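Worksheet: one structure, shown below.
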Amino acid sequence: MEQTLYPDDLVRLKTDKSRLASVERTNDSLDFHVPFPQNGEDFIDLSAGPGVSAENLRQFKASGAPPKGTILVRWENESLQLIRSDSVSLIVRSLLVGDVVKRSVSHVQSGVVINTMTRCVLRPLCQVTHASRPELTLKGLPPPHSDPIADLTSGDLIVYRDWIGRIRDKSDLVCVRLTDGCVVEIPGEQGEHLDGIVDAFAVGDVLSTKKGVLRTGTWIYGSYNANTPSVGTVVCVRPSIVEVDWLQKRIGSTEDEPPVVLQDAEWERADFVIYDRSRRPPQVQTDPLGTLSNSELDLRLYQRVRFRDLESACANYHTVDGVPAIVRHDRKDNMGYDLNVFDVVAFRTAVSVQWQDLSITIHDSADLVPDSGIDDSHAAWPAEITHTLAMRAVGGMPHVERPVKVGVVQTVDATARMAIVWWTPDSFIEYSRHAEEQDGVDAILRHHIATGPGIAEAISLYDIDTPAHVNVRRGDIVLINNEEHNPLLGTTQDRTWLGEIVDTRLDGSLVIRLGVAETVQDVILLRKDVTVAVRSDDTDALEDEHWDDDILDEEMEEAFHQAYSDNPDHPMWDDLYAEEEQAHFEDENGIELDADDWEDDAWEDAEEEVTEGDPELVNDDAHLSADDEPLGLERRTEGSSGPEAYLVLESAVPTTHRFGAQEVTVNASRMKRIQKDHRILASPETLPVGVFVRTWETRLDLIRFLIIGPTETPYANAPFIIDVYLPPAYPAEPPKVYFHSWSPEQTSGTHGRLNPNLYEDGTICLSLLGTWDGAPGESWSPTKSTVLQVIVSILGLVLVREPYYNEAGYEALVGTQAAKIPSTVYSERVYLRSRGLILTALASLRDEEFRDAPGHEDLEDILRWTYYTEDGPKLLDLVIVDVSTILEKSTGSQEPNGLTVMSQGACIPLHRVLALLHKYKQAYATGNHRASEPPRDITPK
């Protein structure tokens with residue numbers, strides 16, 4: 001089986017094992033796929049390896065994604081090359097404490113790296129004769145050059161007084177020993193590597209500069225001699241200016257933020273220290289099978305290193321084949337400079353992993369793979385804080401709720417999607433449920449995790465939540481607000497207010513290593529005693545990149561510059577041609593069209609064109625015509641008594657319409673185009689089966705869709721309500737579209753995001769709508785795109801059989817073994833959530849609590865006909881049969897597939913879903929459509 005490679009893997013060429021490289025990008029490394037990478041990176045030396053065509057290289061330069069079967073690597077000489085992935089073999093996989101891994105891509109269970117143990121091969125300082133200056137022989141290290149040894153390097157965490165920060169950039173001064181033995185200090189940016197590599201300098205590098213630079217340099221030994229070549233060995237590097245991003249300050253401190261740029265006077269102070277993760281308490285011994293994490297250096301190929309204790313190293317590593325393992329360079333022979341530096345030329349790493357079942361094993365890092373499913377919103381890990389989805393009000397605190405139970409995860413069965421949770425009665429988490437919370441995010445007001453006696457329970461992963469705000473992971477840097485370690489009055493001379501999480505205990509407490517204290521020590525603290533300052537996975541620096549709803553509203557507000565009428569009862573169409581402002585349109589090449597061009601025969605016979613499935617009326621990225629019918633409903637027959645697929649309502653626009661409050665804009669050309677869109681939608685047999693369109697006589701610029709989810713997908717028979725607004729600049733700009741992510745009846749496991757393209761804030765992410773940057777030809781075209789196209793695109797591109805691959809860039813993973821399990825798990829939870837939409841739709845027909853659900857005022861007849869009535873498709877019966885069949889098949893004897901066979905954890909909420917479906921069917925049969933409201937949550941207590 002072909003090996004799977006990942007970024008930062010160390011590989012060697014199969015035909016020449018002396019050639020080593022690090023993997024920069026793979027076809028699967030989606031986070032690194034930035035189009036036109038040469039525009040933002042140093043791709044000057046990029047080339048194609050043997051077997052890689054010029055077309056492969058062109059594709060990579062355009063997309064940033066190596067074509068399948070290829071990888072981007074960086075060789076020892078820093079050159080980048082696109083090579084065949086089967087031309088190299090894996091040596092070491094770079095794994096750090098806290099990384100989530102699996103034994104293979106086909107394994108379900110995951111684990112966390114809790115320790116790393118690395119052995120490396122070092123290359124010492126030696127005599128160097130460079131090819132470009134053969135007359136010069138110097139002490140140094142041959143190329144390639146790599147990360148410099150210095151007291152400060154970019155990316156380091158530092159502590160300065162009461163603040164913790166990260167070094168963004170720095171400028172160095174380097175001391176160079178010339179061939180005549182003199183030493184001069186010059187700015188690092190004024191020197192060059194003889195081999196042309198652009199990199200910072202490190203001790204042992206060979207530097208070349210101009211004589212004028214030497215003349216104005218600071219002479220440490222000797223003086224300038226015009227006859228001395230301006231080439232020498234770097235013997236010392238020290239920073240001159242450091243730029244810092246300040247992250248957090250000590251809890252309780254009133255000290256102002258330090259300056260962004262620091263001079264040497266600051267970092268030479270006693271209250272300035274570099275955070276060294278490898279420091280550990282004297283009494284702590286590394287136990288590979290223990291639960292305590294002890295960080296080591298994050299080694300990289302050709303990294304420059306020193307021994308912490310050279311004397312001990314010389315004693316421990318005696319000889320290799322009779323040759324001293326370490327050749328020591330005495331300081332007195334080098335003017336007091338320490339030239340005992342080494343390049344890492346090879347290394348192997350073993351890691352200890354704690355798995356979800358609590359077992360701990362040791363592996364070669366190359367035998368493990370990163371877990372690609374860590375974005376699973378229903379994943380859980382031992383020692384994580386969790387709580388039930390069932391909530392209860394907090395007395396005397398309006399809009400504040402607490403989970404019914406809060407506890408600590410003990411073990412997880414990833415295959416069954418079950419967990420053992422230790423519930424602690426005295427623990428609580430309080431959420432703010434204010435309606436104005438943005439994007440549906442509930443703020444955590446406060447929490448307390450008790451460590452007292454608890455009760456263990458097996459529970460479905462779909463019935464619990466593990467809030468990120470409360471949870472932490474190994475390697476996180478935390479601020480301590482415990483009075484013992486962070487006295488709030490005065491200043492603390494010892495830095496015990498900052499630490500690193502080195503163990504998460506099953507009773508909910510944490511082991512914190514006080515790594516910058518004068519004496520390193522490990523202390524056990526409660527979660528309330530710490531606040532995360534720097535997350536080990538850098539998620540604290542990430543921002544949600546999906547469409548910002550506030551921006552959407554602002555853009556709309558700017559566009560609504562025309563008032564409608566003082567008389568709200570006056571139909572908007574009476575003055576349709578009162579304003580003759582002409583819209584402007586462009587073709588797909590950006591060339592402006594005349595009115596005759598966009599009012600020609602491409603639009604004159606819209607009904608005929610749609611029924612024939614003219615590809616010009618279908619978005620290029622949908623590859624579907626209006627006649628493609630992925631829905632399970634049979635096409636309505638002539639004379640059917642069911643609701644009309646398209647209907648103009650005389651009633652007022654419902655208050656639940658997302659864009660109902662927008663002012664009317666009267667524009668002759670816009671209204672003419674809107675009428676054409678409506679003629680297309682109203683054409684017989686035009687709308688795909690299971691799609692219903694409603695608009696309003698006084699507001700044809702507002703539309704509402706009801707789409708019944710396609711069969712043989714996780715969305716089968718579920719209702720999707722989508723609001724559309726045709727803005728003032730329409731059709732020069734695309735429609736504004738909003739998806740109603742209903743808040744379903746609280747049957748645990750049935751709420752959450754339904755698709756990578758459907759956000760809970762209502763955004764539908766499609767290039768056709770301008771909410772995603774698609775390929776040329778996929779965006780909205782004023783002359784070709786239609787509202788019907790929006791419907792077809794949602795059916796063909798969003799409500800699909802395997803929605804996991806809708807995530808940006810994930811189409812590259814289709815058919816890969818690595819994506820099989822994540823895709824199955826994603827489909828399983830989407831199926832559950834889609835059942836939640838069905839339950840809410842049924843509840844809106846029955847219970848007063850849900851009477852304000854979207855669609856009540858204009859879609860109720862469709863929902864009742866769709867799910868209940870005898871002359872309709874009676875989808876409620878089909879849904880009941882479907883859920884019952886899944887439960888019958890899901891006995892554990894078959895592997896879950898996310899559609900017809902589910903995990904044990906998914907079956908638990910599905911049983912509750914089935915009970916409610918039967919309840920609604922019985923209520924309809926007895927005519928009890930306004931029965932008392934069902935329980936808000938029926939999670940077993």
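Predicted, not measured: the structure shown is a model, and the values here were computed from it. Throughout, numbering of the chain's residues begins at 1 and tracks the sequence.
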Looking only at atom types and distance, does a side-chain atom of Ser293 sit under 3.5 Å from a main-chain N or O of Ile114, one as donor and one as acceptor?
-> yes
Result for side chain to side chain contact (heavy atoms under 4.5 Å, CB included) between Leu525 and one of Val530, Val478, Asn481, Val511 points to Val530
Give a yes or no on whether the backbone of Ala468 and the side-chain of Asn471 come within a donor-acceptor separation of less than 3.5 Å.
-> no
Sidechain N-carboxylate O distance under 4.0 Å for Lys249, Asp162 | no
For side-chain contact (heavy atoms from CB on, under 4.5 Å), just list the numbers for Trp422 and Leu506, CA-CA rounded to whole Å, side-chain angles, deciding distance to a tenth of an Å, and then say yes or no.
-> CA-CA 9 Å; Trp422 192 60; Leu506 295 177; over 6 Å; no
Would you find a donor on one side and an acceptor on the other, under 3.5 Å apart, between the side chain of Arg331 and the backbone of Gly336?
-> yes
After noting the C-alpha distance and the side-chain angles of Val183 and Met335, does the key distance pass the side-chain contact (heavy atoms from CB on, under 4.5 Å) rule?
-> CA-CA 9 Å; Val183 178; Met335 301 181 177; 3.5 Å; yes
Over all atoms of both residues, closest heavy-atom pair of Tyr275 and Val516 | CD1-CG1, 3.2 Å
Does Arg306 pair with Asp338 as a salt bridge, N-O distance under 4.0 Å?
-> yes
What's the verdict on side-chain contact (heavy atoms from CB on, under 4.5 Å) for Asn334 and Arg177, showing C-alpha distance, side-chain angles and the deciding distance?
-> CA-CA 9 Å; Asn334 293 284; Arg177 184 179 182 183; 3.2 Å; yes
Flag, side chain of Trp246 to backbone of Pro258, donor-acceptor distance under 3.5 Å | yes
Does a side-chain N-to-carboxylate-O contact under 4.0 Å join Glu185 and Arg238?
-> yes
To the nearest 0.5 Å, tell me how far Ile385 CD1 sits from Ile429 CD1.
-> 7.0 Å
Hey, mind stepping through Tyr431 and His387 against side-chain hydrogen bond (donor to acceptor under 3.5 Å, both in side chains) and telling me if it holds?
-> CA-CA 12 Å; Tyr431 287 92; His387 63 72; 2.7 Å; yes
Exam field: side chain Arg279 to backbone Ala517, donor-acceptor pair closer than 3.5 Å = yes
Under 3.5 Å, is there a donor-acceptor pair between the Thr496 and Asp494 side chains?
-> no
Working to the nearest 0.5 Å, report the span between CZ of Arg161 and CD of Glu257.
-> 11.0 Å
Under 3.5 Å, is there a donor-acceptor pair between the Thr118 and Thr349 side chains?
-> yes
Between Arg103 and Trp355, is NZ or CZ placed under 6.0 angstrom from the six-membered ring centre and within 45° of the ring axis?
-> yes
Going by atom types only, do His363 and Ser365 share a side-chain donor-acceptor pair under 3.5 Å?
-> no
Side chains of Ile241 and Leu262: does their closest heavy-atom pair fall under 4.5 Å?
-> no
N/O donor-acceptor pair under 3.5 Å between Asn115 side chain and Ser352 backbone = no
Between Asp503 and the options Gln354, Arg513, Arg474, the side chain to side chain donor-acceptor pair (under 3.5 Å) test singles out Arg474
Below 4.5 Å, heavy atoms only, C-beta onward: do Val23 and Val11 meet side chain to side chain?
-> yes
According to the interplanar angle, ranging from 0 to 90°, do the rings of His448 and Phe428 count as parallel (below 30°), tilted (30 to 60°) or perpendicular (above 60°)?
-> tilted
In terms of side-chain geometry, is the basic nitrogen of Lys405 or Glu457 positioned less than 4.0 Å from the acidic oxygen of its partner?
-> yes
When rounded to the nearest 0.5 Å, the distance separating CG of Asp507 from CD1 of Ile449 is 11.5 Å
Glu518 atom CD, over 12 foreign heavy atoms within 6.0 Å = no
Value rounded to 0.5 Å, distance of CG in Leu479 from CD1 in Ile164 | 7.0 Å
Can a donor-acceptor pair be found between the side chains of Ser278 and Arg308 at a distance below 3.5 Å?
-> yes
To the nearest 0.5 Å, atom CD1 of Ile512 lies from atom CG of Asn482 at 10.5 Å
Could you verify whether a donor N or O on one side chain and an acceptor N or O on the other, from Asp426 and Thr424, lie under 3.5 Å apart?
-> no
Is the shortest distance from a Lys or Arg side-chain nitrogen in Arg277 or Glu500 to a carboxylate oxygen in the other one below 4.0 Å?
-> yes
Is it true that Asp330 and Arg328 make a salt bridge, defined as a side-chain N closer than 4.0 Å to a carboxylate O?
-> no
For the pair Asp99 and Val112, evaluate side-chain contact (heavy atoms from CB on, under 4.5 Å) and give the outcome as yes or no after the intermediate values.
-> CA-CA 6 Å; Asp99 284 347; Val112 176; over 6 Å; no
What pair of heavy atoms forms the shortest contact from Cys120 to Val344, and how long is it?
-> CB-CG1, 4.1 Å
Inspect the surroundings of CD1 in Ile455 and state if more than 12 heavy atoms from other residues, nucleotides or ligands are less than 6.0 Å away.
-> no
Report the C-alpha separation of Asp371 and Ser110 in whole Å, then their side-chain angles, then the decisive distance to 0.1 Å, and conclude whether the side-chain hydrogen bond (donor to acceptor under 3.5 Å, both in side chains) test is met.
-> CA-CA 7 Å; Asp371 183 2; Ser110 301; 2.6 Å; yes
Ignoring hydrogens and geometry, is there a side-chain-to-backbone donor-acceptor pair from Asp413 to Met418 under 3.5 Å?
-> no
Measure the shortest side-chain to side-chain distance between Arg123 and Phe342 over non-hydrogen atoms and say whether it is less than 4.5 angstrom.
-> no
Measure from the side-chain N and O atoms of Asp529 to the backbone N and O of Leu526, and report whether any donor-acceptor pair falls under 3.5 Å.
-> yes
Considering all heavy atoms of both residues, which atom of Arg473 and which atom of Asp476 are nearest to each other, and what is their separation?
-> N-OD2, 2.9 Å
Side chain of Gln521, backbone of Leu514: donor and acceptor closer than 3.5 Å?
-> no
Which atom pair, heavy atoms only, marks the closest approach of Leu90 to Val92?
-> CD1-O, 3.5 Å
Output the distance between atom OG1 (Thr233) and atom CG (Asp205), rounded to the nearest 0.5 Å.
-> 9.5 Å
Residue pair Val341 / His329, side-chain heavy-atom distance below 4.5 Å | no
Got a donor-acceptor contact below 3.5 angstrom from the Ser22 side chain to the Asp9 backbone?
-> no
Hey, can you tell me if Tyr317 and Phe307 have their rings parallel, tilted or perpendicular (30° and 60° cut-offs)?
-> tilted
Given the rule in the side-chain hydrogen bond (donor to acceptor under 3.5 Å, both in side chains) test, do Ser509 and Arg527 qualify, once you have shown the distances and angles that lead to the verdict?
-> CA-CA 6 Å; Ser509 63; Arg527 302 214 175 197; over 6 Å; no
Under a 4.0 Å N-O cut-off, is there an ion pair linking Arg166 with Asp245?
-> no
Would you mind checking if Asp364 and Arg93 are paired as a salt bridge, meaning a charged N to carboxylate O distance below 4.0 Å?
-> no
